[in-house]
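What follows is a set of notes on a single structure, which appears directly below.
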Amino acid sequence: MSDNPALSAAVAAGRLLPIYILDDKNAGNYRMGGASRWWLHHSLNALNSSLGGKLRVYCGDAAEILPKLAQETGARTVTWNRCYEPWRVQRDKKILAELKQSGIEAISMNGSLLREPWDVRKADGTPYRVFTPYFRKGYLERPVPEKPLSSPEKIMFFDGDTIESTAAISDLGLLPSNWDLKKPTVWKPGEKGAQDRLHHFLDNGLEGYNKGRNYPAAENCSYLSPHLHFGEISPRQVSYALPFREQSVQCEEDLRQFRMELVWREFSHSLLYFSPELPHKNLQEKFDSFSWRKDPADLQAWQKGQTGIPIVDAGMRELWQTGFMHNRVRMVAASFLVKNLMIDWREGARWFWDCLIDADLANNSASWQWVAGCGADAAPFFRIFNPATQGTRFDPQGDYTRKYVPELAALPDKWLFNPWDAPQTVLKEANVTLGETYPHPIVDLKISRQRALDAYAALKSAD
Ligand code: FAD
């Protein structure tokens, strides 16, 4: 309700008819995944209760429903906050044209980015493809964005009939039948949950964020990504809540890093906006001939957290059980899929799309291309994470890995991330039998690393 420009504009224009349309038809391949639908169900319920039960929900083609509804209700103005998924951009252009043709005022606004993609471009008008100058020119050297809006004080609702049939939120069938989060209480979808998360982060996570954000067992991250994605909090609100003056050198680094992460989100949206093929096409064309392996068994082992590589399995199980995965582990698990298993990044992106509560077409596609080395300003392909070393470095006490891979819990730290190297006596004492209680690694890390480097070298020589 707060910092929602479309809502504030609509309230200022007259009586409000708040609506949500679940539009799977236009989404095509990018229909929301299971975890996102779970979130959406709860988020819509939270929004509906903030609106005193006045939210009307529809299911179908928004390009048909919205103009029809506007006509039927005699609406003079229709407002919405802009989305940046290519299919939504196309659809919303169509809606805008149709409303205008019917003499209805259509206003689209910026509710979810600090700056619109078209407002941060190079001097020659082309979009940035490299993050650092984008960050510097677009954010560091420009004044902070305008102040967030407060919630509308008083809302007058439209209470006439609508001919279009409306559904209850529960009729949208958003809750999955074959999958549910084991710990739904960890997450509180909705505006209040978002504000609570923000304040918890400011009090407990921000100090030490710069270093702590790399450690999955630490509590330094904000966990704001699903709230930001669903528009329950805006990046303006997050930016404005950050302390204005840094109290110490340490905190200054923490603030700078956190602001930078918010801008990575903006950068991903800019990439998607200017390269709508981002979710399905390598931004670096030379990768089009990369020899990805098709191996359903390996892919399934990765999806289920049964690769025999403990930090990767911990991440994939965290994802399945909670709908979330810590950023450091996302990078390690994604690198393992793309490089050690040499499976196409689009397979990984598809799995994340279905399982992440923060699944976001811009962030997910840009991050997968970044890890795979084929994106804009991406990590070079030849930089391949060693997941055993990453585990030792970023989960030094093993708390995170033991939580999600309990069958290895009794192993000493020294062997937790490479149980295949542990002496038999150690394994026996920890009740671990590789191949029975926990899988043998599905690939040898050294050999698979070399295989990936060879495939990359072949690509380079074909250049
Ligand atoms: P914090 O560290 O607290 O960061 C604050 C906010 O900054 C986040 O909420 C997020 O909105 C933004 N942010 C942080 N890191 C990134 C990043 N690398 N790229 C873009 N925005 C960022 N993030 C998503 O929101 N949706 C996705 O679908 C998604 N898929 C990813 C897939 C892969 C393979 C990888 C490596 C990363 C992906 N990320 C995605 C980025 C990142 O992992 C998450 O944004 C972050 O883990 C969310 O946790 P947080 O809110 O605690 O982040």
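Counting starts at 1 for both ligands and their atoms, in listed order.
Remark: ligand 1 atoms within the under-4.0 Å shell around heavy atoms of Tyr223 are 50 (P), 51 (O), 52 (O). Atoms of ligand 1 lying under 4.0 Å from at least one heavy atom of Asp360, given by number and element, are 26 (N), 27 (C), 28 (O). Residue Ala359 has at least one heavy-atom neighbour below 4.0 Å for each of these atoms of ligand 1: 28 (O). Residue-ligand proximity, Ser225 to ligand 1, at heavy-atom distances under 4.0 Å covers atoms 9 (O), 25 (O), 48 (C), 49 (O), 51 (O). Here is the list of ligand 1 atoms found below 4.0 Å of a heavy atom in Met331: 36 (C). The contact set between ligand 1 and Leu228, taken as ligand atoms under 4.0 Å from a residue heavy atom, comprises 9 (O), 11 (O).
Proximity of Phe201 to ligand 1, defined as any heavy-atom pair under 4.0 Å, is not found for any part of the residue. If you look at Phe267 next to ligand 1, there are no close heavy atoms at all, none under 4.0 Å. Of all the heavy atoms of Trp370, none lies under 4.0 Å from any atom of ligand 1, so neither backbone nor side chain is involved. Only side-chain heavy atoms of Phe352 come within less than 4.0 Å of ligand 1; its backbone N, CA, C and O stay farther off.
Checked against a 3.5 angstrom limit, the closest N/O atoms of Leu224 and ligand 1 fall inside it. Below 3.5 Å of separation, one finds no N or O of Trp264 facing any N or O of ligand 1. The shortest N or O to N or O distance between Ser268 and ligand 1 is not below 3.5 Å.
Remark: among candidates Trp345, Phe324, Phe258, the nearest residue to atom 49 (O) of ligand 1 is Phe324, based on non-hydrogen atoms. Counting heavy atoms only, Ser222 comes closest to atom 3 (O) of ligand 1 of the residues Ala349, Ala333, Ser222. Considering each of His269, Met260, Glu219, Arg330, the one bringing a non-hydrogen atom nearest atom 29 (C) of ligand 1 is Arg330. In this structure, of Val371, Asn364, Val329, the residue bringing a heavy atom nearest to atom 31 (C) of ligand 1 is Asn364.
The protein heavy atom nearest to atom 16 (C) of ligand 1 is Glu261 OE1, 3.8 Å. Protein heavy atom in closest approach to atom 23 (N) of ligand 1: Asn363 CB, 3.5 Å. Atom 26 (N) of ligand 1 has as its closest protein heavy atom Asp358 O, 2.8 Å. Of the protein's non-hydrogen atoms, the one nearest atom 47 (O) of ligand 1 is Asn327 CB, 3.4 Å. When hydrogens are left out, the protein atom nearest atom 38 (C) of ligand 1 is Ser367 OG, 3.4 Å; that is the closest non-hydrogen contact. Nearest protein heavy-atom neighbour of atom 2 (O) of ligand 1: Tyr209 OH, 2.6 Å. At the top of the distance list for atom 6 (C) of ligand 1, counting protein heavy atoms only, stands Leu262 CD2, 3.9 Å. In this structure, atom 11 (O) of ligand 1 lies nearest to the protein heavy atom Arg265 CD, 3.3 Å.
Using a 30° and 60° split on the angle between ring planes, His269 and Tyr84 fall in the perpendicular class, above 60°. The aromatic rings of Tyr139 and Phe135 lie parallel to each other, their planes meeting at an angle below 30°, with 60° marking the opposite boundary. Note on ring orientation: taking the six-membered ring where Trp is involved, the planes of Tyr456 and Phe381 are parallel (angle under 30°, cut-offs 30° and 60°). Using cut-offs of 30° and 60° for the angle between ring planes, the Phe324 and Tyr223 rings count as tilted.
Note that CZ of Arg259 and CG of Leu242 are 5.5 Å apart. Values are rounded to the nearest 0.5 Å.
Stacking of Arg197 on the aromatic ring of Trp187 is recorded, both the 6.0 Å distance cut-off and the 45° axial limit being met. Arg328 forms a cation-pi arrangement with Phe394, by the criterion of a distance under 6.0 Å to the ring centre and an angle within 45° of the ring axis.
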- Message: Show, in sequence, the C-alpha distance, side-chain angles and deciding distance for Asp413 and Arg402, and conclude whether the salt bridge (Lys or Arg N to Asp or Glu O under 4.0 Å) test is met.
- Response: CA-CA 10 Å; Asp413 293 351; Arg402 288 192 175 90; 2.8 Å; yes
- Can you list the steps and then say if Arg330 with Asp358 is a salt bridge (Lys or Arg N to Asp or Glu O under 4.0 Å)? CA-CA 13 Å; Arg330 286 187 206 201; Asp358 66 13; 2.9 Å; yes
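Here the side chain of Glu191 pairs no donor or acceptor atom with the backbone of Glu232 at under 3.5 angstrom. Under a 3.5 Å cut-off, the side chain of Arg236 and the backbone N or O of Lys147 do not form any donor-acceptor pair. In terms of modelled atom types and a separation under 3.5 Å, the side chain of Asp23 and the main chain of Asn26 share a donor-acceptor contact. Put simply, the side chain of Asn210 never gets that close to the backbone of Gln257: no donor and acceptor are under 3.5 Å apart. Judged by distance alone, with hydrogens and angles left aside, the side-chain atoms of Thr392 form a donor-acceptor pair with the main-chain N or O of Ala388 at under 3.5 Å.
At a threshold of 4.0 Å, the pair Lys281-Asp288 counts as salt-bridged, since one of the basic side-chain nitrogens sits closer than that to a carboxylate oxygen.
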